[in-house]
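First up is the structure itself, then whatever we jot down about it.
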Protein chains: 2
Amino acid sequence: MIEYSTLLENFVKLLKENKLKFTKQRELILKTLYDNDGHFSTDDIYAMLKEEHPELNIGIATVYRTLSLLEDAGLALSISFGKDGKIYELGLKKHHDHLICQSCREIIEFVDEVIEEKQKEIAKKHNFKMLDHTMKIVGLCEKCQKIDNI
Amino acid sequence: MIEYSTLLENFVKLLKENKLKFTKQRELILKTLYDNDGHFSTDDIYAMLKEEHPELNIGIATVYRTLSLLEDAGLALSISFGKDGKIYELGLKKHHDHLICQSCREIIEFVDEVIEEKQKEIAKKHNFKMLDHTMKIVGLCEKCQKIDNI
DNA sequence: GTTAGTGCAAATCGTTTGCACGGTT
DNA sequence: AACCGTGCAAACGATTTGCACTAAC
């Protein structure tokens, strides 16, 4: 995994290149994604920052704006599902897909080279230029299967 | 492909079983999905019904309610993408995945048995009970690649 | 006659935007 | 000093809901 200091350097450079400013808010949102290696909704991140940095008095609009900025920059990526289901994660990992537990919302990441390869083939066969691809397996994790059977 | 009359019978039966009523609105929404083999947003269907059956004076709320009902019943299924991107299709076909053109919104369906098999394996390996799975390849179709290069 | 469905308009919820102010360059 | 980012509150757009009325049973 990339060091936080390196990540931060990249971010600062990227901002500079685009004549954007480096603010405490932007830094903390990036850091939150980095430190809490996981998947969070805009609101999750807003709540975490409210909790951990109340002095910032951050606004939800800033969280929306920043996550969107990070996504455009390739530093974060989002997964959407059903209505009201959009979560972000740090965008620097190798491409991977997700298993999502419908009940507890646990998320497991996985990579399968055979599937990756097949997807390329399919796009090619249909003369599509593939820009993005996502796969989600929704179901019940081990724990929730047991609970649901009670 | 299933006959419309059979589909309708199933629908009527299903409604009866759940003490729900068979209305003109419900029938026409199902028929619209059946006749126009494709992928439509709630608004698309609303517009089509306004156009083709102005005497019905259908309300958008009914379209939302009915599509949701059809989805629960397994007669329709939805695909979501990015904000404001939810479309429905008739839900009686064999499972398939989608190639989506980012530019013109063309949608191509495909099935790949190798991928299907791999997904089962992955769920099993993680002790997940797979309930649903979706794969989307987003990109540019042949036509739009050319246009975008001008 | 009872119950469920409908259209309408209002409410809701996540997200975006305009603006005046404050922070970064 | 110039300009961008921020918080706030208002605006927005898709979807949902409460209600009185109508249609299906």
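So that the names make sense, note that chain A is the first sequence line, chain B the second, and so on, each numbered from 1.
- B:Ile45 and B:Leu77 fall into different hydrophobic clusters, where Ile, Leu, Val, Met, Phe, Trp and Tyr are joined by side-chain heavy atoms under 4.5 Å apart, directly or via other members.
- One interatomic measurement links the two molecules: NZ of A:Lys24 to P of C:dG23, which rounds to 12 Å at whole-angstrom precision.
- A:Ile58 has its CD1 atom 14 Å from the C1' atom of C:dG23, to the nearest Å.
- Nucleotide C:dG5 holds its C1' atom 16 Å from the CG atom of B:Leu49, rounded to whole Å.
- Between the OH atom of A:Tyr64 and the C1' atom of D:dT6 there is a distance of 17 Å, rounded to whole Å.
- A salt bridge links A:Glu121 with A:Lys118: the closest approach of a Lys/Arg side-chain nitrogen to an acidic carboxylate oxygen falls below 4.0 angstrom.
- A heavy atom lying under 4.0 Å from DNA chain C marks the following residues of residues 4-20 of chain B, by number: B:Lys19, B:Leu20.
- Following rounding to the nearest Å, B:Glu27 (CD) and C:dT6 (P) show an atom-to-atom distance of 13 Å.
- Within the 4.5 Å cutoff, the side chain of A:His133 has heavy atoms near those of the A:Glu116 side chain.
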Please tabulate, for the side chains in residues 31-41 of chain B, all donor-acceptor contacts under 3.5 angstrom to protein atoms that are two or more places apart in sequence or on a different chain.
residue	atom	partner	partner atom	Å
B:Lys31	NZ	B:Asp35	OD2	2.7
B:Thr32	OG1	B:Leu28	O	2.6
B:Tyr34	OH	B:Ile2	O	2.6
B:Tyr34	OH	B:Tyr4	N	3.3
B:Asn36	ND2	B:Thr32	O	2.8
B:Asp37	OD1	B:Lys93	NZ	3.2
B:His39	NE2	B:Glu89	OE1	3.0
B:His39	NE2	B:His98	NE2	3.3
B:His39	NE2	B:Glu109	OE2	3.1
B:Ser41	OG	B:Asp43	N	3.4
B:Ser41	OG	B:Asp44	N	3.0
B:Ser41	OG	B:Asp44	OD1	3.2
B:Ser41	OG	B:Asp44	OD2	3.2

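- Here B:Asn57 lies in heavy-atom contact (under 4.0 Å) with sugar-phosphate atoms only.
- The CD-P distance, from A:Glu55 to C:dG22, rounds to 18 Å in whole Å.
- Taking only side-chain nitrogens and oxygens, A:Gln25 never comes nearer than 4.0 Å to OP1 or OP2 of C:dG23.
- When hydrophobic clusters are built by joining Ile, Leu, Val, Met, Phe, Trp and Tyr residues whose side-chain heavy atoms come closer than 4.5 Å, directly or via intermediates, B:Leu15 is grouped together with B:Leu8.
- Checking C:dG7, C:dG23, C:dG5 against every side-chain atom of B:Arg65, the shortest atom distance belongs to C:dG7.
- Put simply, A:Thr23 has a side-chain N or O that comes within less than 4.0 Å of OP1 or OP2 on D:dT6.
- A distance-only check finds a donor-acceptor pair linking the side chain of A:Asp112 to the backbone of A:Val114 [under 3.5 Å].
- Distance OH (A:Tyr46) to C1' (C:dG14): 13 Å, rounded to an integer number of Å.
- Contact annotation: B:Arg26 side-chain N/O to C:dG5 OP1/OP2 distance is under 4.0 Å.
- One atom, CD1 of A:Ile60, and another, P of C:dT15, lie 8 Å apart when rounded to the nearest Å.
- Listed candidates were C:dC8, C:dT6, C:dT25. Nearest to the side chain of A:Lys21 is C:dT25.
- Comparing B:Phe22 and B:Thr42 by the nucleotide of DNA chain D that holds the closest heavy atom to each, the one mapping nearer the 5' end is B:Thr42.
- B:Met48 and B:Leu69 fall within a single hydrophobic cluster, where Ile, Leu, Val, Met, Phe, Trp and Tyr side chains are chained together by heavy-atom contacts under 4.5 Å.
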